[in-house]
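Contents: one structure, followed by commentary.
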Amino acid sequence: MSTVSSTADLDTASSRRATFVMAFAAIYLIWGSTYLAIRVGVRTLPPFLMSSLRFLAAGGALFAILRARGVAKPTRTQWKGAAIAGLLMLTAGNGLVTWAEKRLPSNLTALLVAGVPLYTALLDWLRPGGVAPARRVLAGIGVGAVGMALLVASGGDARAPAPSVAAILAIVVSGLCWAAGSLYARYGEMHPDPVMAAAQEMLVGGTTMFVVSALRGEPQHLVLARVSTESLLALAYLALFGSLVAFSAFGWLVKATSPANLATTAFVNPVVAVVLGGLILGESLGPRALAGAALILGAVVVMLARRRVRYR
C-alpha cells in the first residue's frame, strides 16, 4: 500500500514539476517575443484598439472554456479584485507599453521593462505587512536604478534618432503599474482558480482599453485597407500565444510561486526580445545602452541569486 502511495506521490510531483517548466517556458519565451509582435502590430493598427482586441478575444475564449468545464462563476468581490489587477497590469501596464512601441524600438522597450523587479521589491516592502528587503536586494535596486538611468540616457538604438521622452516615461509608469497589479493579484481577493482570475483580468483590461481607444478616436480613424497582413498576424499571435497561453500561465504562477521567482522573467524576456529585434527588425544597441542593460540584468540576478523555485 505504501509503495502504491509513494508512486502516486512521485507521479504527482513529476506532473507538477512539468507544469512549472511549461508555465515558465511560456512566460520566458513567448513574452520575450511579444515585444517584437507588438512593434510589428502597431505599424498599421492603433495601439489601444489592438491591445483591446487581443485581450477580449483571449479572455473571452478562456472564460467560456473554463465555465464549460465547470469552473465556478466569479463572485462580485472576485470581479472587483480582477478589475483592480486588470486595470493595473493590462490597461495601464500593457496598454502603455503598446502605445510606447509606436515610438520606441522593441529592444529598448524590453530592457526598460526589465526594471519591473526593482519596482516589485519596493512595492512589496511598502505594502501593508510587507517585509524590508535584504541588503543584497537593496544593492540590486541601487545598481538597477543606475543601469536604468544609463539606458534611458543612451537612447537605445545606436542608429535611431533620440527616443521619445514621453514613451520612455510611459514604460516606467507601465512597469510600476504591472508590479503593483501582480502583487495585488497575489494578495488580493481573487477567484480561487488562478486561470479564471487571469481570464477575468483580460476581459476587464480588454474592455477598458477599448474605452480608451474609443476616447482617442482610434476605431473611427482605422482604415482596414491600410492594415497590413503582418500586423494582423502579429495581433493573432498576441491573442493566442501572448495572452491565452502565456498570460494564463502567468496567472497560475502568481499563486503557485513567489513574486521573486516570477521576477526572473525580467532577465530572460529582454534577451529574447533583443535577439529577435536584431534578427528580424535589424535593431541594434549602442555601447552605453548595452552597459545599462548589463547593469539592470546583473542587478536582477543579484536580487534573485539565492532564491530557489518552490513547487508548492
For [X] and [Y], work out which heavy atoms get closest and say how close.
X    : Y    : result
A214 : P219 : CA-CD, 3.9 Å
G181 : A85  : O-CB, 4.1 Å
L203 : G60  : CD2-N, 3.5 Å
V116 : G175 : CG2-CA, 3.8 Å
G277 : S106 : CA-OG, 4.0 Å
A249 : I27  : CB-CG2, 4.3 Å

Original post:
Around atom NZ of K102, are there more than 12 heavy atoms of other residues, nucleotides or ligands at under 6.0 Å?
Top reply: yes
N/O donor-acceptor pair under 3.5 Å between [X] side chain and [Y] backbone:
X    : Y    : answer
D124 : A179 : no
S174 : A92  : no
E101 : I38  : no
H191 : A82  : no
S248 : L244 : yes

Please enumerate all residues that pass side-chain hydrogen bond (donor to acceptor under 3.5 Å, both in side chains) together with [X], with sequence neighbours excluded.
X    : result
R67  : none
S51  : N94, T98
S228 : T44, S231
Y119 : none

Drop me the distance from [X]'s [atom1] to [Y]'s [atom2], to the nearest 0.5 angstrom.
X    : Y    : atom1 : atom2 : answer
S33  : Y28  : OG    : OH    : 15.5 Å
L281 : N107 : CG    : CG    : 9.0 Å
M196 : K73  : CE    : NZ    : 10.5 Å
I171 : L104 : CD1   : CG    : 6.0 Å
T109 : E283 : OG1   : CD    : 8.0 Å
T34  : L29  : OG1   : CG    : 11.5 Å

Original post:
Taking it one step at a time, do T19 and W252 satisfy side-chain contact (heavy atoms from CB on, under 4.5 Å)?
Top reply: CA-CA 10 Å; T19 302; W252 182 78; 3.7 Å; yes
Subject >> F250: partners by ring pair (Phe, Tyr, Trp, His ring centres under 6.0 Å), with sequence neighbours left out >> reply: W31, W178, F247
**OP:** Using ring pair (Phe, Tyr, Trp, His ring centres under 6.0 Å) as the criterion, list what pairs up with F210, not counting sequence neighbours.
**Re:** none
Can you confirm whether [X] sits close enough to [Y] that some side-chain heavy atom of one is under 4.5 Å from a side-chain heavy atom of the other?
X    : Y    : answer
V172 : L112 : no
L66  : L62  : yes
F55  : V204 : no

**OP:** Check step by step if side-chain contact (heavy atoms from CB on, under 4.5 Å) holds for F20 and L253.
**Re:** CA-CA 8 Å; F20 263 86; L253 285 169; 3.9 Å; yes
**OP:** Just grab all the salt bridge (Lys or Arg N to Asp or Glu O under 4.0 Å) pairs involving residues 36-58, residues at least two apart or on different chains.
**Re:** none
Subject >> Pair listing, salt bridge (Lys or Arg N to Asp or Glu O under 4.0 Å) test, anchored in residues 187-214, at least two apart >> reply: none
Spell out, yes or no, whether [X] and [Y] are grouped together once hydrophobic residues are joined by side-chain heavy atoms under 4.5 Å, including indirect joins.
X    : Y    : value
L232 : L224 : yes
L279 : V272 : yes
V40  : V275 : yes

**OP:** Evaluate the side-chain contact (heavy atoms from CB on, under 4.5 Å) criterion for residues T208 and L87: first the C-alpha distance (whole Å), next the side-chain angles of each, then the deciding distance (0.1 Å), finally the verdict.
**Re:** CA-CA 8 Å; T208 51; L87 285 168; 3.5 Å; yes
Subject >> From CA spacing to verdict: side-chain contact (heavy atoms from CB on, under 4.5 Å), L235, L53 >> reply: CA-CA 8 Å; L235 172 58; L53 295 175; 4.3 Å; yes
Original post:
Who else is in L96's hydrophobic cluster (ILVMFWY, side-chain heavy atoms under 4.5 Å, direct or via others)?
Top reply: V173
Original post:
Other than L88, what residues sit in its cluster of Ile, Leu, Val, Met, Phe, Trp and Tyr side chains whose heavy atoms are under 4.5 Å apart, directly or through others?
Top reply: I84, Y184, M190
Identify all side-chain donor-acceptor contacts of residues 141-149 below 3.5 Å with residues at least two apart in sequence or on another chain.
none

**OP:** Can you tell me which residue pairs pass the side chain to side chain donor-acceptor pair (under 3.5 Å) test with a partner in residues 217-227, sequence neighbours excluded?
**Re:** S213-E218, R216-E218
